[in-house]
Colleague: 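Input: one structure, supplied below.
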Amino acid sequence: MGRAERSPAQSPRSRYAPGARIEGRTMPDSTPSALSPRVRFAPSPTGFLHVGSARTFIFNWLFARHHHGTMVLRLDDTDVERNTEASVRSIFEGLRWLGLDWDEEYKQSERLDLHRQAAEAIFARGLAYRDFTPAHAGEDTQSGTQGATSREGAASREGAWLCNPGMREMSREESDRRAAAGEPFALRYRVPRGQGRILSFQDGVYGPQSKVADEVEDFALLRSDGMPTYHLASCFDDADLRITHIIRGQDHLTNTFKHLLIFEGLDAAAPQFAHLPLLVAPDGAKLSKRKHGPVVSVTTYRDAGFLPQAFINFLCLLGWSPKNDREFMSIEEIRDLFSLDGVNRANAVVNFKEDDPFDSKAVWLNAEHLRALPVEELARCIEPFLKQAGFQAAPEKVAAVTPLIRERIKLLSEAVSAADFFFVAELTPYDPAELIPQKGDAALARRVLEKAQEVLAATPFDHDSLDKGLREAAAALGLKAGPMFQPIRVAVCGRKNAPPLFETLVVLGRETCLERIGRAVEKLGDRL
RNA sequence: GGCGCUAUCGUCUAGGGGUUAGGACGUGAGAUUCUCAAUCUUAAAACCCGGGUUCGAUUCCCGGUAGCGCUACCA
């Protein structure tokens, strides 16, 4: 790396700008792709949709839509052992919830023949060889320094593993003979060595990258069961689907050198690359279900009552910034503002805690998006949560309640606890002491409630009339608003903290209010 | 072990050779209010360490340290 690979004129922080001429880039940019990029999101269905994957998908989508390009969804399901139908379903479920679309869809498993042919072609060109070394059975033999009795000793002596002995140099005759005899083998790329070859590319986020080829190990193209590896399948498909920009997690940054080699072996032009900083947990570790639980699954956010646009907004801010201090943005705004130039290079922490599973900024953004929604729409979002809680949530009722709780909830699911008293037939038992105002006694509370009964029975049930009537009643009792309203609020809502009183009374209706106040008076009876 | 990437308030980030280092979330205080919430004001809070270059580095370069990634016939 320490060589004069970057041109002096080029600032190390210069980034790839779409359509711009890049110094020292590997591939010609005369492709029409510069005008209409094709990007892909390629999840492997080994679990639910991960928030990190979701962000990668979102960034690809933003890039595609910003540049009026094409978004390809490709299921990278070459690992038959680990892929499951359930995972495929859950990934689509997550993507559907996000509400972002794609234009083309592929399944790698349906392209196996193509992948094998590609491997065959690379082999035919002499760029790959058969490796008859038995596959590692163990999991911890990752050093791979075959035959190493002490792999640590071997590793420290020899550095990284590059290839298995005797395989790379094996004559074609012997290789053919052993293959014909049915001996299993993996197909490995013959990484160019001893030629001082430098592999390099211009990363859209990380800038110029290069590595000496001698340090790249002879990676596998085909497993001994004939299945293509991720590297081969992915690169072949990227080339075959004419992907122009690969936007993916930074964990692939060093894999890119191998990919460059595969594209070369495929005799295909390499696309542009842009790697995204990783999303990590507060402990710095990569987000994992095992370690961090359901917070890494997109559906957890959905079920907790996040709005997809808020979730997307939050994820975009992790590792990207519009650089104008904007944070609360609609998807359209983000799409218009989006640029790889704004992508950061350092990993971003999703700041969740044990007791508080969601990043406070995500929650805040959700509250903002909630309030930005037209009431009718918000009501429609809230309805399922209410129903799930077992409430008879008729659309009209929900629509009436929504404006009262809109500023009081941060997550859709909180509507249940914020609005329960509108839906239950009977209030959950509360402490009658709550009915009594700060500086007052049960007798005062009783007077207030009885007065309220009078007023409510005789006043037209609209906000202004109730406001007027109840305030006059307070004056008549020689009370300020606080001590007057608290008993009523508690009687009617079953708690001290609730939406503004008059609106609440209106939505509840005269009958319910009177009934609940009557009950409150009874409760108070014991305390007199 | 090897190779690579990264490093600004607790977190997400802006910035960049000379700044009171900006914003946001969260936190504290106050205002407003029929409670809560929302809203407004306000406070505390950061340039990893060491060298170099320079009149001057948080910014550029080198080194260190730390974190992360890759080092699989996983993706």
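Every chain is numbered from 1, with letters handed out A, B, ... down the list of sequences.
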Colleague: Measuring from the side chain of A:A160 (C-beta onward, heavy atoms only), which nucleotide among B:C73, B:U71, B:C12 has the closest atom?
Modeller: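 Nearest nucleotide to the side chain: B:U71.
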Colleague: Under the rule for ring pair (Phe, Tyr, Trp, His ring centres under 6.0 Å), what residues qualify as partners of A:F41, not counting sequence neighbours?
Modeller: A:F57
Colleague: Atom CZ of A:F219 to atom P of B:C70: distance rounded to whole Å?
Modeller: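 Those two atoms, CZ and P, are 16 Å apart.
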Colleague: Out of B:G4, B:C70, B:C73, which nucleotide sits closest to the side chain of A:K258?
Modeller: B:C70
Colleague: Would one find a side-chain N or O of A:K211 under 4.0 angstrom from OP1 or OP2 of B:G4?
Modeller: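 Answer is no, no contact under 4.0 Å.
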Colleague: Under the side chain to side chain donor-acceptor pair (under 3.5 Å) test, which residues partner A:H231, sequence neighbours left out?
Modeller: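 Testing A:H231 for side chain to side chain donor-acceptor pair (under 3.5 Å), a comparison that skips the adjacent residues, returns A:H259.
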Colleague: Does this structure show an ion pair linking A:D203 with A:R345, if we count only N-O contacts that are shorter than 4.0 Å?
Modeller: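 Salt bridge absent between A:D203 and A:R345.
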Colleague: Check whether any side-chain nitrogen or oxygen of A:N344 sits under 4.0 Å from OP1 or OP2 of B:A14, and answer yes or no.
Modeller: yes
Colleague: Determine, for nucleotides 23-40 of chain B in 5'-to-3' order, which nucleotides have protein heavy atoms under 4.0 Å from the base (write B), from only the sugar-phosphate (write S), or from neither (write -).
Modeller: BBSS-------BBBBSS-
Colleague: Do A:D218 and A:Y129 pair up side chain to side chain, a donor and an acceptor below 3.5 Å, judged on atom types alone?
Modeller: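 Note: A:D218 and A:Y129 side chains meet the donor-acceptor criterion.
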Colleague: If you check the A:W161 side chain, which of B:G69, B:A72, B:C5 turns out closest?
Modeller: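 For the A:W161 side chain, the nearest candidate turns out to be B:A72.
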Colleague: Within the pair A:R345 and B:U6, is there a side-chain N or O less than 4.0 Å away from OP1 or OP2?
Modeller: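 So the side-chain polar atoms of A:R345 do come within 4.0 Å of the phosphate oxygens OP1 or OP2 of B:U6, strictly under.
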Colleague: If B:A72 has a Watson-Crick or G-U wobble mate with both distances under 3.5 Å, name it; if not, just say none.
Modeller: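 Pair assignment: B:A72 / none.
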Colleague: So which nucleotide does B:U42 pair with, by the Watson-Crick or G-U wobble rule with both distances under 3.5 Å?
Modeller: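 Here B:U42 is engaged in a pair, and the nucleotide opposite it is B:G28.
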Colleague: Could you go through nucleotides 44-49 of chain B and list every protein N or O atom that sits under 3.5 Å from one of its N or O atoms, giving the distance for each pair?
Modeller:
none

Colleague: Before accepting this row, confirm whether a basic side-chain N of the pair A:K258/A:E217 lies closer than 4.0 Å to the acidic partner's carboxylate O.
Modeller: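 Yes, charged N to carboxylate O under 4.0 Å.
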Colleague: Scan every strand shown for a Watson-Crick or G-U wobble partner of B:C9, both distances under 3.5 Å, and answer none if you come up empty.
Modeller: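 Because no pair has both required distances under 3.5 Å, B:C9 counts as unpaired.
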Colleague: Partners of A:H275 by ring pair (Phe, Tyr, Trp, His ring centres under 6.0 Å), sequence neighbours excluded?
Modeller: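 With sequence neighbours excluded, A:H275 shows a ring pair (Phe, Tyr, Trp, His ring centres under 6.0 Å) to no residue whatsoever.
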Colleague: Counting distance alone, no hydrogens or angles: does the base of B:C73 have a donor or acceptor under 3.5 Å from a partner atom on the side chain of A:S224?
Modeller: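 Yes, the side chain and the base share a sub-3.5 Å donor-acceptor pair.
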Colleague: Does the separation of the ring centres of A:Y301 and A:F314 fall below 6.0 angstrom?
Modeller: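 No, the ring of A:Y301 stays outside the 6.0 Å limit from the ring of A:F314, centre to centre.
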Colleague: Looking at residues at least two apart in the chain, or sitting in another chain, which of them share a side chain to side chain contact (heavy atoms under 4.5 Å, CB included) with A:L501?
Modeller: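 Listed in chain order: A:F485, A:I488, A:R489, A:L505.
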Colleague: Is A:K323 paired with A:D341 through a side-chain N to carboxylate O contact shorter than 4.0 Å?
Modeller: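 So A:D341 does not pair with A:K323 through a salt bridge.
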Colleague: For B:C34, give its Watson-Crick or G-U wobble partner with both distances under 3.5 Å, or none.
Modeller: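 Looking at the geometry, B:C34 pairs with no nucleotide.
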Colleague: Taking any strand in view, what nucleotide pairs with B:A14 in a Watson-Crick or G-U wobble way, both distances under 3.5 Å?
Modeller: none
